[in-house]
Number of protein chains: 2
Amino acid sequence: MTIEITKPRRGRPPKNTTDNRDTRAELIRSGLEQLTESGFSASGIDPILKKVGVPKGSFYHYFSSKEAFGLAVIDSYANYFAHKLDTYLLDESYPALTRIANFVEDAKSGLAYHHFKRGCLIGNLGQEVDLLPESFRPILSHVFITWQNRIADCLELAKANHDLSQSANTEKLAEYFWIGWEGAVSRTRLTQNTTPIDNYFHHFMTGLPR
Amino acid sequence: MTIEITKPRRGRPPKNTTDNRDTRAELIRSGLEQLTESGFSASGIDPILKKVGVPKGSFYHYFSSKEAFGLAVIDSYANYFAHKLDTYLLDESYPALTRIANFVEDAKSGLAYHHFKRGCLIGNLGQEVDLLPESFRPILSHVFITWQNRIADCLELAKANHDLSQSANTEKLAEYFWIGWEGAVSRTRLTQNTTPIDNYFHHFMTGLPR
DNA sequence: AATTAATTAGACGATCGGTCTATTATATTG
DNA sequence: CAATATAATAGACCGATCGTCTAATTAATT
């Protein structure tokens, strides 16, 4: 059952109405799909527009440039993903390391759901960062840092619970986690299965200092 | 001191001459630079041609299509890299695990030499494999396997020398190595330093079963 | 001399790129 | 109520780029 896309009217929208579509949000959603699958520099805006039936003029009404659009998509995805991370990593019904494993399990099924055609937007963009507008670099770095901090906090909890050695450097381990994570997720595009993630995560966990 | 590029003559080259340029090889070299920095689908052939001053007609003389060219570049790079791996991993003046570390050191300086603008061609292409001609997928997978086998052989040697636990699964460990390696190399584009590789490799080594 | 082989040169025509002007419709103001 | 401002859609714009292909050129071979 597909949701019917209403034909957009021209002109200023009426003041009190409940059925106006959120064109901006649809563009960001469509952009997320496209950029996640095909990257930024290899993606024109046409496929993004076509997916939600929005003309180019509307695009430039909502976003001053492709660059501004890209930043909006990154922001949207970073927030969504951080929220997802929190859902798992702050779930007090599990011990700290299990929380990480639960996140990994959920992420795996998400990747499979999209037939491994999507990786992680931030990882993808990080790979092509030299081709992107320079404004992207600090944003991408910052997103990675926020994610790393979340895993580091979780590892700190594992330390406090003696599931991890007291001498473990949680900051470095968190960075290590995301480095391997991005490498594994990237590999799933090639293998089209979860083997790389399984292998990587198994070794990550067994290699943790205890 | 730059090597002067001779202006190519038209027509069939003379039979006995020592100063004919190898246009095909130059195209492959230029393609390697371009594809490594910018990927396949985001790269047109114009910049590749411009770098070595070869007109398009010559390109299509030597390669039947952009796809065929891409495969030639992959083949060239895979051979070059395999040779480099062998140089280090078969160097009997060092113990097995040190050989891996020596390869890592050399690779790090190579990445720095290119200001971290190049990653690993195969890793880069693997990331955008869904955008590539379908012929690329099995080739890329095969290249990874040959690299993995080299590391696995080295780890087997470490096992034989009791530097590694006898129960270690060298095949899985070798896959793990390359997964993390590609993740780390990718991350260096963002950080523009070797920190990701240092961190990853430190944890890879300390996490090896002994 | 005619034919074949090997290489360079850039035209071709379609597509795509990001951007911008024009149009439309409603709200707000005097 | 008319004029103005605001908010949104529509698609033209024009330059660049794309991969491909035909034409031209030169040497070797028959």
Side-chain angles (χ1 to χ4, degrees), chain A residues 5-28 30-31 34-35 38-73 128 131-133 135-136, chain B residues 5-28 30-31 34-35 38-73 128 131-133 135-136:
Chain A
I5 297 194
T6 55
K7 178 71 177 178
R9 59 163 72 230
R10 268 189 164 204
R12 180 173 178 159
K15 196 169 190 178
N16 296 315
T17 178
T18 57
D19 61 333
N20 45 0
R21 68 190 295 198
D22 190 342
T23 304
R24 190 178 191 272
E26 290 182 43
L27 284 171
I28 289 179
S30 177
Q34 177 66 23
L35 299 188
S38 309
F40 187 85
S41 50
S43 299
I45 67 171
D46 271 346
I48 293 165
L49 303 176
K50 196 157 287 176
K51 257 180 210 155
V52 286
V54 173
K56 282 198 188 182
S58 298
F59 181 86
Y60 285 98
H61 168 73
Y62 289 108
F63 305 101
S64 55
S65 63
K66 188 187 173 188
E67 176 177 346
F69 174 67
L71 290 173
V73 172
E128 64 168 322
L131 308 184
L132 305 178
S135 60
F136 282 39
Chain B
I5 296 194
T6 56
K7 180 69 177 176
R9 61 162 71 227
R10 271 189 161 199
R12 180 172 177 156
K15 198 171 188 177
N16 294 317
T17 180
T18 57
D19 62 330
N20 47 358
R21 70 191 293 199
D22 190 342
T23 304
R24 191 178 190 274
E26 285 181 25
L27 285 170
I28 289 179
S30 178
Q34 177 66 22
L35 299 188
S38 311
F40 187 85
S41 50
S43 298
I45 67 172
D46 272 346
I48 293 164
L49 302 176
K50 195 157 284 169
K51 257 182 210 154
V52 286
V54 173
K56 282 200 187 179
S58 299
F59 181 87
Y60 285 98
H61 167 73
Y62 289 109
F63 306 100
S64 56
S65 65
K66 187 186 176 189
E67 177 177 345
F69 174 66
L71 291 173
V73 172
E128 63 167 325
L131 309 184
L132 304 178
S135 60
F136 281 39

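Every chain is numbered from 1, with letters handed out A, B, ... down the list of sequences. Computed from a predicted structure; not experimentally measured.
For A:I48 and C:dG18, the CD1 to C1' distance is 12 Å, given to the nearest whole Å. The nearest whole Å value for the distance from the CZ atom in A:F63 to the C1' atom in D:dA7 is 15 Å. To the nearest angstrom, P of C:dG17 lies 15 Å from CG of A:L131. Spacing between atom CZ of A:R24 and atom P of D:dA7 amounts to 14 Å, rounded to whole angstrom units. Per the geometry, CD belonging to B:Q34 stands 11 Å off P belonging to D:dG19, to the nearest Å. As a whole-Å value, the separation of B:L27 CG from D:dG19 C1' is 15 Å. Atom pair A:K50:NZ and C:dT15:P shows a separation of 11 Å (rounding to whole Å applied).
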Scan the side chains in residues 38-45 of chain A for donor-acceptor partners under 3.5 Å anywhere in the protein, sequence neighbours excluded, and list what turns up.
unit_1 : atom_1 : unit_2 : atom_2 : d
A:S41  : OG     : A:E128 : OE1    : 2.5
A:S43  : OG     : A:Q34  : NE2    : 3.3
A:S43  : OG     : A:G39  : O      : 2.4

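Looking only at side-chain heavy atoms (C-beta outward), A:L27 and A:L49 come within less than 4.5 Å of each other. Proximity of B:I28 to B:F63: side-chain heavy atoms (C-beta onward) are separated by under 4.5 Å at one or more points. Under the 4.5 Å side-chain criterion, counting only non-hydrogen atoms from C-beta, B:I48 is in contact with B:F69.
Distances shown here put a side-chain N or O of B:Y62 below 4.0 Å from the OP1 or OP2 atom of C:dT8. For C:dT8, one of the phosphate oxygens OP1 or OP2 lies less than 4.0 angstrom from a side-chain nitrogen or oxygen of B:T23.
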Look for any protein N or O under 3.5 Å of an N or O in nucleotides 28-30 of chain D and output each such pair with its distance, or none.
unit_1 : atom_1 : unit_2 : atom_2 : d
D:dA28 : OP1    : B:K15  : N      : 2.8
D:dA28 : O4'    : B:R12  : NE     : 2.9
D:dA28 : O4'    : B:R12  : NH1    : 3.3
D:dA28 : O4'    : B:R12  : NH2    : 3.4
D:dA28 : O3'    : B:R12  : NH2    : 3.3
D:dT29 : OP1    : B:K15  : NZ     : 2.9
D:dT29 : OP2    : B:K15  : NZ     : 3.0

Using atom names, set out every protein N or O paired with an N or O of nucleotides 16-18 of chain D below 3.5 Å, distance rounded to 0.1 Å.
unit_1 : atom_1 : unit_2 : atom_2 : d
D:dC18 : OP1    : B:G44  : N      : 3.1

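For B:S65, the side chain to side chain donor-acceptor pair (under 3.5 Å) criterion is met by no residue, not counting sequence neighbours. Under the salt bridge (charged side-chain N to carboxylate O under 4.0 Å, His left out) criterion, B:K56 pairs with B:D46, sequence neighbours left out. Here A:R12 pairs with nothing under the side-chain contact (heavy atoms from CB on, under 4.5 Å) rule; sequence neighbours left out.
For A:R10, the side-chain atoms get nearest to C:dA22 when compared with the rest of D:dT26, C:dG10, C:dA22. The listed nucleotides are D:dA8, D:dA10, C:dA9; the one nearest the side chain of A:H61 is D:dA8.
Take the nearest nucleotide of DNA chain D for B:E67 and for B:G11: the residue whose nucleotide is more 5' is B:E67.
For the pair A:S30 and A:V52, the tightest heavy-atom approach, listed with the atom from each and the gap, is CB-CG1, 4.0 Å.
Rounding to the nearest 0.5 angstrom, the gap separating the NZ atom in A:K51 from the CD atom in A:E26 is 13.5 Å.
Residue contacts for B:F59: at a heavy-atom cut-off of 4.0 Å it reaches no nucleic acid atom on any strand shown.
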